There are 2 protein chains.
Amino acid sequence: MTRNASQTRHRLLAVARHHFARQGYATTTVRDIADGAGVNVALISRYFTSKEGLFEECLRTTVTDFKAAAQGMVFTDVAEALAHRLTSPTGDPALLEGLLLLIRSSGDERADTMRRTLLCAMSSRLAVSAGAAEPPDTEALLRAQLVLAAALGIAMMRANLDLEPLATATEAEMLNPLHALVATVIP
Amino acid sequence: MTRNASQTRHRLLAVARHHFARQGYATTTVRDIADGAGVNVALISRYFTSKEGLFEECLRTTVTDFKAAAQGMVFTDVAEALAHRLTSPTGDPALLEGLLLLIRSSGDERADTMRRTLLCAMSSRLAVSAGAAEPPDTEALLRAQLVLAAALGIAMMRANLDLEPLATATEAEMLNPLHALVATVIP
DNA sequence: GCGGCAAGTCAACATGTGTTTACCTGCTGT
DNA sequence: ACAGCAGGTAAACACATGTTGACTTGCCGC
């Protein structure tokens, strides 16, 4: 194997995101991640100081990913974007992983703060793009957060339980119901 | 402490449900549970053969609980029932725990099967009570499962992230948005 | 070619966890 | 009152896991 620090660093991050998103923090071991990246366990502590540090880094990439995706998105796009992320059409599993990471707590204070901050920003954006005043009032915010929570629940259920037809529904099949669901942000 | 087997058994079950529901399976230790019940760790293996056995028992109580709650419930009750469970008005935290346990996987095959079976039955019931044929077609089932997933996501978000106003919203405040959300089962 | 350094490995350590075995202890029927 | 037994405890074991420090190996500039 050719030696390239930043390359294996990225490989570690990718594998870690994969496992953290699907099995949660406590269940995935650093040895799983290292093996998945074809590398020794010690490199995790070396590159990310600790398992927690690695998790935080994963969350950090998720935050920037979502901020980029939210650029110039208007309300009617939300359901489509959600459907796309939720089904993650075999091309880019990172989309689903991003959603899932938002619900995987590590017990780490910093990580939880990052997650909370992002979710707060997302729900606020969703509320105003649905027509709420700026800053949105409490009820508008609540409705937006309910929809967000719904999306996270769907992501989790698709990833963890294989309940048919939800588990294998295609993007096209999810689109209409998701439109209806997202529309509930509007009073 | 007075000695009463079935009483301490129930205490263990209650504490286990509490911890499993809030922190998940991997994160809660048998010593946490035993301490919470004011009892020695060895009793868990004694009464439930293993940590997995204890978890299965928790899930089993949840299944019977939900089956009892579903008796004679019609579609218009669903949102109210959900709001009630989700907010768990300080009286009976077991309601929220029931919802949360449905999303806490232990990696145990039997437990996952139980969960899947219950969710399947619930979504089917929800679909037909929303007006679908019996047995419901795939699309109706999908919509029902999406609503179910939404409910689980909300439960999880209220329990794990403290995102305001969702985290502390009252039953009354949740009722209207939940009505809208549940109504999306209907095409 | 080769010395030096970054990239990577190896083995050990400390600790937390589920489980078991042998051992107490208080209630109960007689 | 007391023997017997179910209810409960204590300590140890086996093992998995996160982390560390010493060691090895491949690459790059001279």
Side-chain angles (χ1 to χ4, degrees), chain A residues 1-60 101 104-112, chain B residues 1-60 101 104-112:
Chain A
M1 188 62 81
T2 172
R3 290 186 160 192
N4 182 330
S6 82
Q7 191 175 310
T8 63
R9 219 189 101 104
H10 278 86
R11 225 167 43 234
L12 277 173
L13 260 176
V15 179
R17 275 178 57 107
H18 181 94
H19 280 96
F20 284 148
R22 283 165 181 75
Q23 329 177 21
Y25 180 80
T27 313
T28 82
T29 76
V30 288
R31 282 176 174 82
D32 281 345
I33 299 172
D35 287 358
V39 104
N40 190 276
V41 203
L43 281 194
I44 288 180
S45 296
R46 195 186 201 64
Y47 287 160
F48 305 96
T49 54
S50 67
K51 186 188 182 186
E52 274 194 354
L54 174 55
F55 184 75
E56 285 176 26
E57 190 68 28
C58 289
L59 217 46
R60 218 166 283 131
L101 274 181
R104 302 303 192 182
S105 178
S106 71
D108 178 24
E109 195 55 53
R110 255 196 313 260
D112 277 357
Chain B
M1 186 65 78
T2 172
R3 291 185 159 192
N4 182 329
S6 83
Q7 191 174 310
T8 63
R9 219 189 101 102
H10 278 85
R11 225 166 42 235
L12 277 173
L13 259 177
V15 179
R17 274 178 58 106
H18 181 94
H19 280 96
F20 283 147
R22 283 165 182 74
Q23 330 176 21
Y25 180 80
T27 312
T28 82
T29 75
V30 288
R31 283 176 173 83
D32 281 346
I33 298 172
D35 288 357
V39 104
N40 190 275
V41 204
L43 281 194
I44 288 180
S45 296
R46 194 186 200 62
Y47 287 160
F48 305 96
T49 54
S50 67
K51 185 188 181 186
E52 274 194 353
L54 174 54
F55 184 76
E56 285 176 27
E57 189 67 27
C58 289
L59 217 47
R60 218 165 283 132
L101 275 181
R104 304 301 194 182
S105 178
S106 70
D108 178 24
E109 195 55 52
R110 255 195 313 259
D112 278 357

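Chain letters run A, B, ... following the sequence lines, proteins first, then strands; residues in each count from 1. Here the structure is a predicted model, which means the values were calculated and not measured.
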Closest non-hydrogen atoms of A/A26 and B/T27, given as atom of the first, atom of the second and distance, are CB-OG1, 3.7 Å
Roughly how many Å is it from CG in B/D108 to P in C/dG18, rounded to a whole number? 15 Å
Could you pull out the closest heavy-atom pair between A/I44 and A/A34, with the gap in Å? CD1-N, 4.2 Å
Quick one: side-chain hydrogen bond (donor to acceptor under 3.5 Å, both in side chains) partners of A/T28, sequence neighbours excluded? none
Using the ring of each side chain (for Trp, its six-membered ring), is A/F20 parallel, tilted or perpendicular to A/Y25, with breaks at 30° and 60°? parallel
Taken to the nearest whole Å, NZ/B/K51 to P/D/dC15 is 18 Å
Taking side-chain hydrogen bond (donor to acceptor under 3.5 Å, both in side chains) as the test, write out the residues that go with A/Q23, two or more places apart. none
For A/L13 and A/L54, run side-chain contact (heavy atoms from CB on, under 4.5 Å): C-alpha distance rounded to whole Å, both residues' side-chain angles, the deciding distance at 0.1 Å, then the answer. CA-CA 7 Å; A/L13 260 176; A/L54 174 55; 4.0 Å; yes
Is there a donor-acceptor contact under 3.5 Å from the side chain of A/R11 to the main chain of A/G36? no
When you compare the side chain of B/F55 with that of B/D108, does any pair of heavy atoms fall below 4.5 Å? no
Does A/S6 offer a backbone N or O that forms a donor-acceptor pair with the side chain of A/H10 under 3.5 Å? yes
Given protein heavy atoms under 4.0 Å, the one-letter contact record of nucleotides 2-16 of chain C, with B base, S sugar-phosphate only and - none, is simply ----BBBBB-B----
Atom CD1 of B/I44 and atom C1' of C/dG18 are separated, to the nearest Å, by 10 Å
Just jot down the side chain to side chain contact (heavy atoms under 4.5 Å, CB included) partners of A/S45, sequence neighbours excluded, or say none. none
Show the nearest heavy-atom pair for residues B/R9 and B/Y47, with the distance to one decimal. NH1-O, 3.5 Å
Whole angstrom value for the distance that separates C1' of C/dG26 from CD of B/Q7: 15 Å
May I ask you to say what A/T27 touches in the nucleic acid, namely base, sugar-phosphate or nothing, with a heavy-atom cut-off under 4.0 Å? nothing
Residues touching DNA chain D, which here means a heavy atom under 4.0 Å, drawn from residues 15-23 of chain B: none
Nearest-Å distance for atom pair CG/P, residues B/L12 and C/dG18: 14 Å
Using the C1' atoms of the five pairs at each end, what is the angle between the end axes of the helix from C/dG1-D/dC30 to C/dT30-D/dA1, to 10°? 10°
Please report, rounded to the nearest Å, how far the P atom of D/dA16 is from the CD1 atom of A/I33. 18 Å
